[in-house]
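Reviewing the structure listed below.
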Amino acid sequence: MVVKDVAEVVKKSLYKAHSLDRLAASVFDMLAVVLPVVTLLTALIRQKIKTLILLGNESSVALYLSYSLAIVVVVLFSYQFICNALFSQTLGQKLFGIFVKEKSKNKLSFKASLQRSLIWTLQIIFLGLPLLPMLFKEGLSGFHDKLSNSSVVTFSSYKYKNAISQKMGLMIFAMSILFILATKLSTTAPSNFIAEGSQQCTRGELLIKYDVGSANRLDKLYSLYLLNKISKRCLEEEIELSIYNNRDNDITNLAKADFVKTKNSDLAERYYSKTCTDSKQSYACKVSNYNMSGELFDLDSGAPLFAKIELVKALYEQGESRQVMRALSSIENSEHTHDFKKTYKAKLIWEQDKEKAISLVSEDMDLKYKNSFYIWACNKNIEEGCSEKESFSCKQFSQIETVTSAQHESYELLSLKINVCNARVKDSYKSASAIKLNKTLALPETKMKKALLDIIVKSNHSAHLKATAAHFYLESANDIDEVAPLYIYWMSSHQNQSWNNLGKRIFSKYAEYAKGDKLISVAKLLDSKNSNTLSKKRLAEGYLVAGRLNKAKEIIEEGARVRLPANIESDMVDIKIDSDHRF
Amino acid sequence: MVLVLLNLAFYFAGFAYWESLYRDTLTDKFLLKTQGSIYATEILNDKEYDDSIQKKIAVKSLTDSSLKTVLGQLAFRDHKFLTKKDYLYNDVVGLNWWSSKKEGFIESNNAFSSTVYGFSKAASDLKHLITYQFFHSGVFHLFGNLLLLFLVGSALEARTNGTLLFTSYILSGIAGALLYDVFSAGASIPLVGASGSVSGLIGLYIVLFWKKPTRYFYYLFWPHPRWYGVLNLPAWTLAFFWMIGDFSGVMAGVPGFTGIAYWAHIGGALCGAAIGIIVLGYRAGHKELGEAKLLDHAAIVKKIAA
């Protein structure tokens with residue numbers, strides 16, 4: 001029944017509409033009328049907003065949201081006004097048998113409709129808060145009622161049972177919904193479709209890139225990336241632009257190999273191989289060969305910076321200290337290379353003089369490099385035993401406040417090691433590696449060892465994770481059979497310095513069991529599959545551990561540069577062993 | 001009932017778990033990024049993509065590699081891109097690696113139920129125009145459509161007949177798929193579901209019973225007897241509620257980013273409405289014919305009496 005003129009209706013008793021009926025009518029209006037109309041009218045704006053978010057132009061989204069809000073306000077007002085002016089009731093009010101009546105008049109006037117609708121809409125804009133008192137005090141008129149001199153009435157004498165508890169229940173329900181919505185909105189991870197953020201390079205990186213110029217640009221940028229002066233994302237932008245501009249060259253392939261090597265070693269190998277397609281003499285090819293098979297290379301005077309950096313790292317990994325110094329000195333001093341050179345010098349003198357090493361690093365160095373060094377140094381200390389967690393480097397490590405994304409993993413893995421030393425179980429690691437390893441360490445012993453070995457052997461784990469897993473595995477290994485898989489893996493790898501430390505520890509453990517034959521058979525197998533300097537080295541080491549010194553000498557004289565295990569004295573072997581080659 | 005059972009049968013007979021390769025491919029970020037780079041190169045060198053959202057994203061992705069992942073996901077929906085033989089991307093290693101992954105994805109995609117039964121650019125024959133209407137991508141998809149089919153179908157069958165119902169269902173589904181094909185801009189993601197067909201039945205119902213009161217159940221989220229109930233409104237109001245969702249979906253959707261085939265709904269509804277108009281016309285014609293026959297009969301009787 002649409003109320004056109006109250007006078008036409010048989011005179012009945014009029015009651016003030018119950019606040020719950022008024023609320024229900026409003027909810028019905030919102031759901032059945034306002035929401036569909038607003039959905040339609042704001043469709044194009046929503047499309048625009050989605051497009052802006054996709055393109056990462058979030059700054060313009062607020063403007064379009066305000067347009068949407070304006071449309072909502074207009075629809076709300078228009079609906080109220082038209083219904084009040086023409087019918088004295090909205091659809092929702094009709095459903096609940098309530099209608100609006102102007103006091104001392106039969107029909108709601110145009111002016112009253114306008115006033116009422118305007119003020120009601122304003123109150124809704126303030127999230128309906130001005131309307132709340134009406135809900136709790138029955139019979140109370142709202143501002144829109146008072147100012148338009150009207151009220152919402154009904155012919156029905158229906159009374160809500162337990163009205164107060166109904167209202168309380170409704171409030172709690174509404175608050176819960178709002179709370180859930182607010183929580184969901186604040187914790188919702190960005191959709192996969194939404195761009196993560198458009199800052200490819202920071203301002204500082206942009207300035208560095210600008211300074212590089214255009215001559216041998218990619219070589220220089222790759223070197224800066226290796227020196228941690230520009231991030232992977234920043235370099236990636238240049239690499240992709242280079243590829244797009246039809247400049248697929250050895251540096252783009254080298255960089256791409258570096259980007260993917262942790263996640264996809266097969267693909268990395270393909271990129272490395274590709275660098276040698278055009279020229280096997282190029283430094284990019286030489287660096288690739290090192291990454292694939294551990295073959296070291298020499299530098300000539302025209303060697304690019306990235307080759308020198310990679311050679312320093314490679315020689316250091318192989319324990320060639322003297323060669324490292326030589327390679328370091330070939331790198332020109334500049335603001336970009338200063339910290340890198342200092343760090344490696346500190347690492348080289350660490351074994352002999354830890355204090356001097358630390359003092360080198362404590363000088364005016366980039367915080368990134370300092371933190372990197374302390375992470376490295378504390379790691380080395382902890383490998384010697386848990387008592388070293390009180391060392392200076394570990395204290396410096398505990399004071400690190402922020403790390404770069406590249407350092408994050410190694411930082412957390414070292415924290416895990418220290419926590420294990422302190423018998424402290426911590427559950428809140430953030431890096432995937434630390435979380436994974438923490439879970440693994442919580443397993444029962446047999447399962448833990450198997451899981452650790454899994455981590456070490458599988459190719460899609462980072463070197464840091466593998467090294468830390470190996471550290472824990474070795475701590476828990478009880479006999480030669482348990483250590484053997486680790487040794488086999490170590491023998492076939494040419495990974496970083498941490499693996500060489502591991503080798504030393506493995507040798508120590510093997511020395512306890514004093515056999516060595518197994519080492520030799522594995523080394524022979526590896527040498528037969530892929531004979532190179534590394535495999536010869538391992539074979540010689542195996543013979544040394546087994547005490548078959550003449551055989552070891554034979555292999556060493558063939559050219560394998562060998563490091564002695566800690567328990568073998570150099571005078572037992574009648575060969576020239578450079579003291580730098582000791583463990 | 002037959003339609004409901006057919007939908008159920010297809011679902012349980014044809015449902016297949018995703019191949020792990022299919023699932024892994026869609027979540028492999030590196031693959032998506034590489035695919036995005038390749039896709040960006042194609043888009044930037046193909047005039048067909050001018051004025052598209054893909055082109056805008058591709059341009060921006062040159063300086064923002066995170067958008068490459070977005071493009072990579074979009075690429076799965078581009079049939080033309082996926083079926084190309086040669087690509088312009090200059091990273092040969094990356095391209096070869098991606099190509100092998102793509103072949104694997106396409107192979108497992110072809111075995112996936114939605115591809116076997118669904119309607120797409122690659123599967124647009126009559127068989128697929130019909131089978132897609134009975135296949136759904138998940139339990140909730142099936143449940144939602146069956147509920148609507150039951151409600152509208154029962155109402156229609158009670159007032160008309162099963163033949164009209166079945167025919168309208170199939171024809172509306174076909175119309176929906178065809179309209180979707182026109183506006184889907186080369187989508188390779190298959191269209192599945194009875195939504196187009198059900199929309200057709202709704203369109204048919206609206207036209208045939210335009211003014212007839214239709215009962216709506218309403219519930220205002222509070223368990224008080226006055227806050228829920230039944231409302232009688234004329235059938236044409238269904239158009240308001242049903243079509244608003246589809247039209248706003250079409251307008252608000254960014255091409256290539258929506259998972260709901262609004263155009264299939266609209267096409268189905270329009271077809272159902274058209275069938276309704278034809279039926280009404282047929283009935284009106286028969287009524288006139290019937291009246292004319294009665295008049296003739298009356299004239300004969302009068303003549304005889306005279």
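Sequence lines set the chain letters: A, B, ... in the order given, protein chains first and strands last, and positions in each chain run from 1. These values consider heavy atoms only, across backbone and side chains, with no hydrogens, waters or symmetry-generated copies.
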Inset, instruction - Please look at A:Tyr158 and chain B and tell me whether the side chain, the backbone, both or neither of the residue comes under 4.5 angstrom of a heavy atom of that chain. - result: side chain

Legend entry - Heavy-atom side-chain contact between A:Tyr271 and B:Val92 under 4.5 Å: no

Inset, instruction - Would you give the length of the straight line joining atom OG of B:Ser61 to atom CD of A:Glu237, rounded to the nearest 0.5 angstrom? - result: 11.0 Å

Inset, instruction - Could you give me the CA-CA distance, side-chain angles and deciding distance for A:Phe28 and B:Leu220, then say whether side-chain contact (heavy atoms from CB on, under 4.5 Å) is met? - result: CA-CA 7 Å; A:Phe28 181 88; B:Leu220 301 176; 4.1 Å; yes

Legend entry - For A:Arg22, all residues meeting salt bridge (Lys or Arg N to Asp or Glu O under 4.0 Å), sequence neighbours excluded: A:Asp145

Inset, instruction - Could you have a look at A:Glu238, A:Gln166, A:Glu236, A:Lys256 and say which one has the most heavy-atom pairs with chain B under 4.5 angstrom? - result: A:Gln166

Inset, instruction - Flag yes if more than 12 heavy atoms outside B:Tyr219 fall under 6.0 Å of its OH atom; otherwise flag no. - result: yes

Inset, instruction - With a 4.5 angstrom heavy-atom cut-off, could you sort out which part of B:Trp222 is near chain A: side chain, backbone, both or neither? - result: side chain

Legend entry - Neighbour count >12 (heavy atoms, 6.0 Å) for atom CG, B:Asp50: yes

Legend entry - Heavy-atom contact with chain B under 4.5 Å, split by part of A:Leu40: both

Inset, instruction - First locate atom OG of B:Ser248, then atom CG of A:Leu44, and finally report the distance between them rounded to the nearest 0.5 Å. - result: 10.0 Å

Anything under 3.5 Å between a donor and an acceptor, one on a side chain of residues 167-179 of chain A, the other on a protein residue two or more places apart or in another chain? List them.
residue, atom, partner, partner atom, Å
A:Lys167, NZ, A:Ser19, OG, 3.4
A:Lys167, NZ, A:Leu135, O, 2.7
A:Lys167, NZ, A:Glu138, OE1, 2.6
A:Ser176, OG, A:Ile172, O, 2.6

Inset, instruction - Using heavy atoms and a sub-4.5 Å threshold, report which of residues 232-246 of chain B line up against chain A, by residue number. - result: B:Phe240, B:Phe241, B:Ile244

Legend entry - Spatial distance of atom CZ (A:Phe96) from atom CH2 (B:Trp227) [nearest 0.5 Å]: 7.0 Å

Legend entry - B:Ser37 to A:Glu240 - nearest heavy-atom pair and separation: OG-OE1, 3.4 Å

Legend entry - Any donor-acceptor N/O pair, A:Lys274 side chain to B:Val93 backbone, under 3.5 Å: no

Legend entry - Interatomic spacing from CG in B:Asp91 to CG in A:Asn253 - rounded to 0.5 Å: 6.0 Å

Legend entry - Pairwise side-chain contact, B:Trp97 with A:Asp266, heavy-atom cut-off 4.5 Å (strictly under): no

Inset, instruction - Identify the heavy atoms of B:Ala252 and A:Lys50 that sit nearest to each other, and give their distance. - result: O-NZ, 3.2 Å

Inset, instruction - State whether the number of non-hydrogen atoms from other residues, nucleotides or ligands found under 6.0 Å of A:Leu207 atom CG is greater than 12. - result: yes

Inset, instruction - With sequence neighbours excluded, give me every salt bridge (Lys or Arg N to Asp or Glu O under 4.0 Å) pair touching residues 217-235 of chain B. - result: A:Asp21-B:Arg226

Legend entry - Separation between CG of A:Leu267 and OG1 of B:Thr34, rounded to the nearest 0.5 Å: 7.5 Å

Legend entry - Interface moiety of A:Ile49 toward chain B, non-hydrogen atoms closer than 4.5 Å: neither

Inset, instruction - Could you check if a side-chain atom of A:Thr39 sits within less than 4.5 angstrom of a side-chain atom of B:Phe247, using non-hydrogen atoms only? - result: no

Inset, instruction - Give the member of B:Leu88, B:Asn96, B:Leu62 that has the highest number of heavy-atom pairs under 4.5 Å with chain A. - result: B:Leu62

Inset, instruction - Between chain B and each of A:Leu95, A:Leu31, A:Val260, count heavy-atom pairs under 4.5 Å; write down the option with the most. - result: A:Leu95

Inset, instruction - State whether the number of non-hydrogen atoms from other residues, nucleotides or ligands found under 6.0 Å of B:Lys212 atom NZ is greater than 12. - result: no

